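Written out below as C-alpha coordinates is the structure these notes cover.
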There are 2 protein chains.
Amino acid sequence: MLEVDSRAVPEPAPPDPQEGLSIAEAARRTGVSVHTLRYYERAGLVVTPVGRTAGGRRRYRLLDLKWIVICTKMRATGMPIKAIRRYAQLVAAGAGNEQERLALLEAHRAEVAAKLAEVQENLRLIDHKIDVYRGRLAAGDADRLWAPSRPAGAH
Amino acid sequence: MLEVDSRAVPEPAPPDPQEGLSIAEAARRTGVSVHTLRYYERAGLVVTPVGRTAGGRRRYRLLDLKWIVICTKMRATGMPIKAIRRYAQLVAAGAGNEQERLALLEAHRAEVAAKLAEVQENLRLIDHKIDVYRGRLAAGDADRLWAPSRPAGAH
DNA sequence: AATCGACTTCGAGCATGCTCGAAATCCTAG
DNA sequence: CTAGGATTTCGAGCATGCTCGAAGTCGATT
(Lines give C-alpha, C1' and ligand atoms only; values in the text may rest on other atoms or scores of the structure.)
Protein backbone atom coordinates (compact mmCIF):
# COMPACT_ATOMS: atom_id res chain seq x y z
CA MET A 1 0.00 0.00 0.00
CA LEU A 2 1.06 3.52 -0.70
CA GLU A 3 2.68 5.00 2.33
CA VAL A 4 1.62 8.54 2.88
CA ASP A 5 3.68 10.67 5.21
CA SER A 6 1.11 11.22 7.92
CA ARG A 7 2.71 14.49 8.94
CA ALA A 8 2.09 15.88 5.48
CA VAL A 9 -1.44 14.68 4.98
CA PRO A 10 -3.97 16.35 7.31
CA GLU A 11 -3.92 19.95 6.17
CA PRO A 12 -3.08 20.73 2.55
CA ALA A 13 -2.09 24.27 3.51
CA PRO A 14 -3.41 27.22 1.51
CA PRO A 15 -2.34 27.50 -2.13
CA ASP A 16 -0.47 30.75 -2.23
CA PRO A 17 -0.04 31.17 -6.00
CA GLN A 18 -2.79 32.99 -7.80
CA GLU A 19 -3.69 30.18 -10.13
CA GLY A 20 -3.08 26.95 -8.28
CA LEU A 21 -0.07 24.77 -7.57
CA SER A 22 2.18 22.70 -9.75
CA ILE A 23 1.97 18.97 -9.46
CA ALA A 24 5.27 18.91 -7.59
CA GLU A 25 3.86 21.29 -4.98
CA ALA A 26 0.64 19.33 -4.79
CA ALA A 27 2.66 16.19 -4.23
CA ARG A 28 4.65 17.84 -1.49
CA ARG A 29 1.55 19.12 0.27
CA THR A 30 -0.51 15.97 0.05
CA GLY A 31 2.27 13.50 0.66
CA VAL A 32 1.42 11.67 -2.57
CA SER A 33 4.01 11.24 -5.31
CA VAL A 34 3.56 13.06 -8.61
CA HIS A 35 3.34 9.69 -10.27
CA THR A 36 0.50 8.69 -8.03
CA LEU A 37 -1.28 12.00 -8.47
CA ARG A 38 -1.35 11.43 -12.19
CA TYR A 39 -2.32 7.83 -11.68
CA TYR A 40 -5.25 8.81 -9.46
CA GLU A 41 -6.43 11.21 -12.09
CA ARG A 42 -6.18 8.59 -14.81
CA ALA A 43 -7.96 6.13 -12.54
CA GLY A 44 -10.88 8.52 -12.21
CA LEU A 45 -10.54 9.25 -8.52
CA VAL A 46 -10.81 12.98 -9.07
CA VAL A 47 -14.12 14.76 -8.50
CA THR A 48 -13.49 18.09 -10.09
CA PRO A 49 -11.16 17.95 -13.07
CA VAL A 50 -7.83 19.45 -12.18
CA GLY A 51 -7.29 22.61 -14.17
CA ARG A 52 -4.57 23.08 -16.77
CA THR A 53 -2.44 26.03 -17.79
CA ALA A 54 -2.40 27.17 -21.39
CA GLY A 55 0.56 24.86 -21.85
CA GLY A 56 -1.23 21.85 -20.44
CA ARG A 57 0.32 21.72 -16.97
CA ARG A 58 -1.87 20.76 -14.06
CA ARG A 59 -2.82 23.47 -11.58
CA TYR A 60 -4.06 22.23 -8.23
CA ARG A 61 -6.45 24.38 -6.25
CA LEU A 62 -7.08 23.98 -2.56
CA LEU A 63 -10.25 22.09 -3.40
CA ASP A 64 -8.26 19.56 -5.40
CA LEU A 65 -5.73 19.09 -2.64
CA LYS A 66 -8.45 18.50 -0.09
CA TRP A 67 -10.09 15.90 -2.22
CA ILE A 68 -6.80 14.12 -2.76
CA VAL A 69 -6.28 14.02 0.97
CA ILE A 70 -9.69 12.45 1.33
CA CYS A 71 -8.70 9.87 -1.24
CA THR A 72 -5.54 9.05 0.67
CA LYS A 73 -7.58 8.57 3.79
CA MET A 74 -9.92 6.20 2.05
CA ARG A 75 -6.97 4.33 0.59
CA ALA A 76 -5.49 4.17 4.05
CA THR A 77 -8.52 2.18 5.13
CA GLY A 78 -7.80 -0.27 2.35
CA MET A 79 -10.65 0.90 0.20
CA PRO A 80 -9.90 -0.24 -3.35
CA ILE A 81 -9.39 2.24 -6.16
CA LYS A 82 -12.57 1.11 -7.87
CA ALA A 83 -14.71 1.84 -4.84
CA ILE A 84 -13.14 5.25 -4.43
CA ARG A 85 -13.86 5.96 -8.06
CA ARG A 86 -17.51 5.08 -7.58
CA TYR A 87 -17.59 7.30 -4.54
CA ALA A 88 -15.98 10.13 -6.46
CA GLN A 89 -18.56 9.75 -9.19
CA LEU A 90 -21.34 10.04 -6.67
CA VAL A 91 -19.81 13.13 -5.18
CA ALA A 92 -19.28 14.57 -8.63
CA ALA A 93 -22.94 13.95 -9.38
CA GLY A 94 -23.73 16.43 -6.65
CA ALA A 95 -26.13 16.42 -3.74
CA GLY A 96 -29.00 13.97 -3.53
CA ASN A 97 -27.18 10.66 -3.51
CA GLU A 98 -25.90 10.74 0.05
CA GLN A 99 -27.69 7.50 0.84
CA GLU A 100 -25.79 5.79 -1.93
CA ARG A 101 -22.51 7.16 -0.69
CA LEU A 102 -23.33 5.93 2.77
CA ALA A 103 -24.19 2.50 1.40
CA LEU A 104 -20.81 2.42 -0.33
CA LEU A 105 -19.05 3.29 2.89
CA GLU A 106 -21.00 0.70 4.81
CA ALA A 107 -20.16 -1.96 2.26
CA HIS A 108 -16.52 -1.11 2.70
CA ARG A 109 -16.92 -1.18 6.44
CA ALA A 110 -18.24 -4.72 6.16
CA GLU A 111 -15.17 -5.70 4.15
CA VAL A 112 -12.89 -4.24 6.73
CA ALA A 113 -14.76 -5.91 9.57
CA ALA A 114 -14.48 -9.24 7.78
CA LYS A 115 -10.80 -8.64 7.24
CA LEU A 116 -10.43 -7.88 10.91
CA ALA A 117 -12.03 -11.17 11.90
CA GLU A 118 -9.78 -12.98 9.48
CA VAL A 119 -6.61 -11.42 10.77
CA GLN A 120 -7.64 -12.14 14.34
CA GLU A 121 -8.14 -15.76 13.40
CA ASN A 122 -4.76 -15.80 11.68
CA LEU A 123 -3.12 -14.49 14.78
CA ARG A 124 -4.80 -17.22 16.77
CA LEU A 125 -3.51 -19.88 14.38
CA ILE A 126 0.04 -18.66 14.31
CA ASP A 127 0.07 -18.27 18.07
CA HIS A 128 -1.02 -21.84 18.40
CA LYS A 129 1.79 -23.01 16.18
CA ILE A 130 4.30 -20.96 18.10
CA ASP A 131 3.03 -22.45 21.32
CA VAL A 132 3.62 -25.93 19.98
CA TYR A 133 7.18 -25.03 19.06
CA ARG A 134 7.87 -23.38 22.38
CA GLY A 135 6.48 -26.35 24.21
CA ARG A 136 8.57 -28.84 22.31
CA LEU A 137 11.71 -26.80 22.66
CA ALA A 138 11.18 -26.29 26.37
CA ALA A 139 10.58 -29.99 26.84
CA GLY A 140 13.66 -30.86 24.83
CA ASP A 141 11.21 -32.53 22.53
CA ALA A 142 12.21 -30.69 19.40
CA ASP A 143 12.82 -33.94 17.60
CA ARG A 144 9.11 -34.60 17.70
CA LEU A 145 8.61 -31.67 15.38
CA TRP A 146 8.28 -32.26 11.70
CA ALA A 147 11.31 -33.64 9.91
CA PRO A 148 11.34 -34.65 6.25
CA SER A 149 12.33 -38.22 6.94
CA ARG A 150 9.97 -38.80 9.82
CA PRO A 151 6.49 -37.27 9.79
CA ALA A 152 5.56 -36.41 13.35
CA GLY A 153 2.69 -34.90 15.27
CA ALA A 154 3.57 -31.25 15.21
CA HIS A 155 4.53 -29.06 12.34
CA MET B 1 -5.83 -15.42 -1.47
CA LEU B 2 -6.28 -19.02 -2.42
CA GLU B 3 -9.47 -20.32 -0.92
CA VAL B 4 -9.04 -23.80 0.42
CA ASP B 5 -12.15 -25.78 1.09
CA SER B 6 -11.89 -26.08 4.85
CA ARG B 7 -13.80 -29.35 4.85
CA ALA B 8 -11.17 -30.91 2.65
CA VAL B 9 -8.06 -29.65 4.39
CA PRO B 10 -7.59 -31.05 7.91
CA GLU B 11 -7.00 -34.74 7.28
CA PRO B 12 -5.42 -35.77 3.97
CA ALA B 13 -6.88 -39.27 4.36
CA PRO B 14 -4.67 -42.33 3.85
CA PRO B 15 -3.21 -42.89 0.38
CA ASP B 16 -4.66 -46.21 -0.63
CA PRO B 17 -2.66 -46.88 -3.81
CA GLN B 18 0.54 -48.79 -3.39
CA GLU B 19 2.81 -46.12 -4.83
CA GLY B 20 1.24 -42.78 -4.02
CA LEU B 21 -1.49 -40.65 -5.50
CA SER B 22 -1.84 -38.79 -8.75
CA ILE B 23 -1.77 -35.03 -8.67
CA ALA B 24 -5.52 -34.95 -9.27
CA GLU B 25 -6.13 -37.10 -6.20
CA ALA B 26 -3.69 -35.05 -4.17
CA ALA B 27 -5.54 -31.93 -5.24
CA ARG B 28 -8.85 -33.43 -4.23
CA ARG B 29 -7.58 -34.51 -0.82
CA THR B 30 -5.76 -31.33 0.06
CA GLY B 31 -8.26 -28.91 -1.40
CA VAL B 32 -5.55 -27.27 -3.49
CA SER B 33 -5.82 -27.11 -7.28
CA VAL B 34 -3.43 -29.13 -9.42
CA HIS B 35 -2.14 -25.87 -10.82
CA THR B 36 -1.34 -24.64 -7.37
CA LEU B 37 0.26 -27.92 -6.35
CA ARG B 38 2.67 -27.61 -9.24
CA TYR B 39 3.17 -23.95 -8.50
CA TYR B 40 4.03 -24.69 -4.88
CA GLU B 41 6.56 -27.22 -6.01
CA ARG B 42 8.13 -24.80 -8.45
CA ALA B 43 8.13 -22.16 -5.76
CA GLY B 44 10.15 -24.40 -3.50
CA LEU B 45 7.56 -24.90 -0.79
CA VAL B 46 8.04 -28.65 -0.79
CA VAL B 47 10.22 -30.28 1.86
CA THR B 48 10.68 -33.75 0.48
CA PRO B 49 10.73 -33.86 -3.30
CA VAL B 50 7.54 -35.40 -4.60
CA GLY B 51 8.33 -38.71 -6.26
CA ARG B 52 7.82 -39.41 -9.96
CA THR B 53 6.75 -42.46 -11.87
CA ALA B 54 8.97 -43.84 -14.60
CA GLY B 55 6.99 -41.68 -17.00
CA GLY B 56 7.56 -38.53 -14.99
CA ARG B 57 4.18 -38.22 -13.25
CA ARG B 58 4.06 -37.03 -9.70
CA ARG B 59 3.20 -39.52 -6.99
CA TYR B 60 2.08 -38.04 -3.70
CA ARG B 61 2.62 -39.96 -0.50
CA LEU B 62 0.81 -39.30 2.74
CA LEU B 63 3.87 -37.39 3.91
CA ASP B 64 3.61 -35.06 0.95
CA LEU B 65 -0.07 -34.47 1.47
CA LYS B 66 0.46 -33.63 5.12
CA TRP B 67 3.13 -31.12 4.29
CA ILE B 68 0.93 -29.49 1.69
CA VAL B 69 -1.82 -29.15 4.26
CA ILE B 70 0.65 -27.45 6.56
CA CYS B 71 1.55 -25.09 3.75
CA THR B 72 -2.09 -24.23 3.19
CA LYS B 73 -2.45 -23.47 6.87
CA MET B 74 0.52 -21.16 6.80
CA ARG B 75 -0.81 -19.49 3.68
CA ALA B 76 -4.14 -19.13 5.42
CA THR B 77 -2.41 -16.99 8.02
CA GLY B 78 -1.18 -14.74 5.25
CA MET B 79 2.36 -15.99 5.43
CA PRO B 80 4.02 -15.11 2.13
CA ILE B 81 5.33 -17.79 -0.20
CA LYS B 82 8.91 -16.69 0.39
CA ALA B 83 8.65 -17.17 4.13
CA ILE B 84 7.11 -20.58 3.71
CA ARG B 85 9.94 -21.51 1.39
CA ARG B 86 12.50 -20.49 3.99
CA TYR B 87 10.60 -22.49 6.56
CA ALA B 88 10.49 -25.51 4.25
CA GLN B 89 14.22 -25.22 3.73
CA LEU B 90 14.80 -25.25 7.46
CA VAL B 91 12.60 -28.28 7.87
CA ALA B 92 14.32 -29.97 4.96
CA ALA B 93 17.67 -29.31 6.61
CA GLY B 94 16.51 -31.56 9.42
CA ALA B 95 16.58 -31.29 13.18
CA GLY B 96 18.72 -28.74 14.97
CA ASN B 97 17.34 -25.49 13.60
CA GLU B 98 14.12 -25.36 15.56
CA GLN B 99 15.09 -22.04 17.08
CA GLU B 100 15.40 -20.58 13.63
CA ARG B 101 12.03 -21.95 12.62
CA LEU B 102 10.52 -20.46 15.73
CA ALA B 103 12.12 -17.10 14.97
CA LEU B 104 10.58 -17.24 11.51
CA LEU B 105 7.17 -17.93 12.96
CA GLU B 106 7.54 -15.16 15.48
CA ALA B 107 8.54 -12.72 12.79
CA HIS B 108 5.40 -13.64 10.93
CA ARG B 109 3.38 -13.31 14.06
CA ALA B 110 4.66 -9.77 14.42
CA GLU B 111 3.55 -9.01 10.88
CA VAL B 112 0.11 -10.35 11.56
CA ALA B 113 -0.16 -8.42 14.82
CA ALA B 114 0.82 -5.25 13.01
CA LYS B 115 -1.72 -5.98 10.33
CA LEU B 116 -4.33 -6.48 13.01
CA ALA B 117 -3.62 -3.11 14.55
CA GLU B 118 -3.80 -1.52 11.13
CA VAL B 119 -7.13 -3.07 10.26
CA GLN B 120 -8.54 -2.07 13.63
CA GLU B 121 -7.47 1.49 12.96
CA ASN B 122 -9.02 1.32 9.51
CA LEU B 123 -12.29 0.20 10.97
CA ARG B 124 -12.16 3.11 13.37
CA LEU B 125 -11.58 5.57 10.53
CA ILE B 126 -14.34 4.26 8.33
CA ASP B 127 -16.73 4.15 11.28
CA HIS B 128 -15.99 7.74 11.96
CA LYS B 129 -16.75 8.71 8.40
CA ILE B 130 -19.96 6.73 8.46
CA ASP B 131 -20.95 8.49 11.66
CA VAL B 132 -20.47 11.84 10.01
CA TYR B 133 -22.70 10.80 7.14
CA ARG B 134 -25.36 9.37 9.39
CA GLY B 135 -25.33 12.48 11.49
CA ARG B 136 -25.70 14.82 8.52
CA LEU B 137 -28.42 12.74 6.97
CA ALA B 138 -30.35 12.48 10.22
CA ALA B 139 -30.08 16.22 10.73
CA GLY B 140 -31.20 16.90 7.17
CA ASP B 141 -27.79 18.44 6.80
CA ALA B 142 -26.67 16.38 3.87
CA ASP B 143 -25.93 19.47 1.87
CA ARG B 144 -23.08 20.20 4.22
CA LEU B 145 -21.31 17.13 2.93
CA TRP B 146 -18.74 17.46 0.24
CA ALA B 147 -19.92 18.65 -3.13
CA PRO B 148 -17.62 19.40 -6.04
CA SER B 149 -18.71 22.97 -6.44
CA ARG B 150 -18.67 23.86 -2.76
CA PRO B 151 -15.98 22.43 -0.50
CA ALA B 152 -17.54 21.82 2.87
CA GLY B 153 -16.57 20.55 6.27
CA ALA B 154 -17.28 16.86 5.99
CA HIS B 155 -16.29 14.42 3.30
C1' DA C 1 -2.03 -50.30 -32.29
C1' DA C 2 -5.06 -46.50 -31.75
C1' DT C 3 -7.49 -43.53 -28.74
C1' DC C 4 -8.35 -40.42 -25.26
C1' DG C 5 -8.01 -38.45 -20.85
C1' DA C 6 -4.65 -37.27 -17.38
C1' DC C 7 -0.32 -35.38 -16.88
C1' DT C 8 4.15 -32.83 -18.01
C1' DT C 9 6.85 -28.27 -18.54
C1' DC C 10 7.21 -23.64 -19.67
C1' DG C 11 5.74 -19.42 -20.24
C1' DA C 12 2.12 -16.07 -20.39
C1' DG C 13 -1.92 -13.75 -18.30
C1' DC C 14 -4.68 -11.67 -14.57
C1' DA C 15 -5.69 -8.35 -10.75
C1' DT C 16 -4.02 -4.58 -7.87
C1' DG C 17 -1.73 -0.34 -7.12
C1' DC C 18 1.51 1.82 -7.93
C1' DT C 19 6.31 3.14 -10.12
C1' DC C 20 9.19 4.28 -13.73
C1' DG C 21 11.11 5.47 -18.41
C1' DA C 22 10.98 7.64 -23.00
C1' DA C 23 10.10 11.21 -25.93
C1' DA C 24 8.13 15.46 -26.48
C1' DT C 25 6.69 20.02 -24.59
C1' DC C 26 6.64 23.98 -21.48
C1' DC C 27 8.56 27.72 -19.23
C1' DT C 28 11.82 30.47 -16.88
C1' DA C 29 16.36 32.26 -16.08
C1' DG C 30 20.43 34.04 -18.13
C1' DC D 1 17.71 32.75 -28.06
C1' DT D 2 19.10 28.81 -25.55
C1' DA D 3 19.86 25.73 -21.86
C1' DG D 4 17.91 22.96 -18.65
C1' DG D 5 14.59 21.62 -15.27
C1' DA D 6 9.70 20.58 -14.67
C1' DT D 7 5.77 18.45 -16.85
C1' DT D 8 3.11 16.04 -20.20
C1' DT D 9 1.19 11.39 -22.07
C1' DC D 10 1.50 6.68 -22.92
C1' DG D 11 2.90 2.44 -22.12
C1' DA D 12 5.71 -0.84 -19.78
C1' DG D 13 7.47 -2.90 -15.45
C1' DC D 14 7.25 -4.63 -10.65
C1' DA D 15 5.56 -7.65 -6.84
C1' DT D 16 2.37 -11.24 -5.35
C1' DG D 17 -0.01 -15.50 -5.90
C1' DC D 18 -2.06 -17.80 -8.40
C1' DT D 19 -4.47 -19.40 -12.99
C1' DC D 20 -4.47 -20.84 -17.52
C1' DG D 21 -3.06 -22.37 -22.27
C1' DA D 22 -0.14 -24.75 -25.61
C1' DA D 23 2.25 -28.50 -27.12
C1' DG D 24 3.84 -32.69 -26.19
C1' DT D 25 3.97 -37.34 -23.24
C1' DC D 26 2.08 -41.19 -20.57
C1' DG D 27 -0.67 -44.94 -19.88
C1' DA D 28 -4.88 -47.59 -19.38
C1' DT D 29 -8.59 -49.38 -22.20
C1' DT D 30 -10.47 -51.27 -26.39
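No hydrogens, no waters, no symmetry mates; every other heavy atom, side chains included, goes into these values. So that the names make sense, note that chain A is the first sequence line, chain B the second, and so on, each numbered from 1. Since the model is a prediction, treat every value here as computed from it, not as a measurement.
Atom P of nucleotide C:dA6 and atom CZ of B:R28 are separated by 14 Å, given to the nearest angstrom. Between the C1' atom of D:dG17 and the CE atom of B:M74 lies a distance of 15 Å, rounded to the nearest Å. In this structure, the CD1 atom of A:I68 is 16 Å from the C1' atom of C:dC18, given to the nearest Å. Per the geometry, CG belonging to A:L37 stands 16 Å off P belonging to D:dA6, to the nearest Å. Protein atom OH of B:Y60 is 14 Å distant from nucleotide atom C1' of C:dA6, rounded to whole Å. The NE2-C1' distance, from A:H35 to D:dT8, rounds to 12 Å in whole Å. The nearest whole Å value for the distance from the CD atom in A:E25 to the C1' atom in C:dC27 is 17 Å. Atom CD in A:E111 sits about 12 Å away from atom P in C:dT16, given to the nearest Å.
In this structure, the side chain of B:H128 does not engage the main chain of B:L123 through any donor-acceptor pair within 3.5 Å. Of the possible donor and acceptor atoms, one in the side chain of B:N97 sits under 3.5 Å from a partner among the backbone N and O of B:L90. Distance alone, capped at 3.5 Å, places no donor-acceptor pair between the A:T36 side chain and the A:V32 backbone.
Considering only side-chain N and O atoms, A:S33 lies nowhere under 4.0 angstrom from the phosphate OP1 or OP2 of C:dC18. Residue A:R58 places at least one side-chain N or O closer than 4.0 Å to OP1 or OP2 of D:dT9. Using a 4.0 Å cut-off, some side-chain N or O of A:T36 falls inside it from OP1 or OP2 of C:dT19. Phosphate contact (OP1/OP2 of D:dC20, side-chain N/O of B:Y39, threshold under 4.0 Å): absent. OP1 and OP2 of C:dG17 both lie 4.0 Å or more from every side-chain N or O belonging to A:Y40.
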Could you list, one pair per line, each protein nitrogen or oxygen that sits under 3.5 Å from a nitrogen or oxygen of nucleotides 11-13 of chain C, together with the distance?
from, atom 1, to, atom 2, distance (Å)
C:dG11, N7, B:R42, NH1, 3.4
C:dG11, O6, B:R42, NH2, 3.4

## Note on the structure
Counting primed atoms, P, OP1 and OP2 as sugar-phosphate and everything else as base, the B/S/- map of nucleotides 25-30 of chain D against protein heavy atoms under 4.0 Å is BBS---
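Here B:E106 pairs with A:R134 in a salt bridge; the nearest charged N to carboxylate O distance falls below 4.0 Å. Using a 4.0 Å cut-off between a side-chain N of Lys or Arg and a carboxylate O of Asp or Glu, B:E121 and B:R124 qualify as a salt bridge.
Each end of the helix from C:dA1-D:dT30 to C:dG30-D:dC1 gets its own axis from five base pairs, and the two axes differ in direction by 30°, given to 10 degrees.
Of the candidate nucleotides C:dC7, D:dT7, D:dT19, C:dC7 has the atom nearest to the side chain of B:S22. If you check C:dG17, D:dT7, C:dT16 against the side chain of A:K82, the one that comes closest is C:dT16. Of the candidates C:dG17, C:dC7, D:dG17, the closest approach to any side-chain atom of B:I23 belongs to C:dC7. For A:R38, taking side-chain heavy atoms from C-beta onward, the closest of the listed nucleotides D:dC18, D:dT7, C:dT9 is D:dT7.
B:R52 comes within contact range of the sugar-phosphate backbone alone, with a heavy-atom separation under 4.0 Å but no base atom that close.
Summary of the strand contacts: A:P80 and B:A24 both lie near DNA chain C, and taking for each the nucleotide with the nearest heavy atom, the more 5' one is attributed to B:A24.
Put simply, the side chain of A:L21 does not reach to within 4.5 Å of the side chain of A:R59, judged on heavy atoms. For the pair A:R61/A:D64, a side-chain contact is recorded, criterion being any heavy-atom separation below 4.5 Å from C-beta on.
For the side-chain hydrogen bond (donor to acceptor under 3.5 Å, both in side chains) with A:Y133, the lone residue among B:Q99, B:R101, B:E98 that qualifies is B:R101. Considering B:M74, B:R109, B:E111 in turn, B:M74 is the only one that fulfils the side-chain contact (heavy atoms from CB on, under 4.5 Å) rule with B:M79. Across A:L62, A:V47, A:T48, a single residue satisfies side-chain contact (heavy atoms from CB on, under 4.5 Å) together with A:W67, and that is A:V47.
Residues satisfying the salt bridge (charged side-chain N to carboxylate O under 4.0 Å, His left out) test with A:R85, not counting sequence neighbours, are none. The side-chain contact (heavy atoms from CB on, under 4.5 Å) test applied to B:R38 returns B:I23, B:V34, B:H35, B:R58, not counting sequence neighbours. Residues satisfying the salt bridge (charged side-chain N to carboxylate O under 4.0 Å, His left out) test with B:E100, not counting sequence neighbours, are none.
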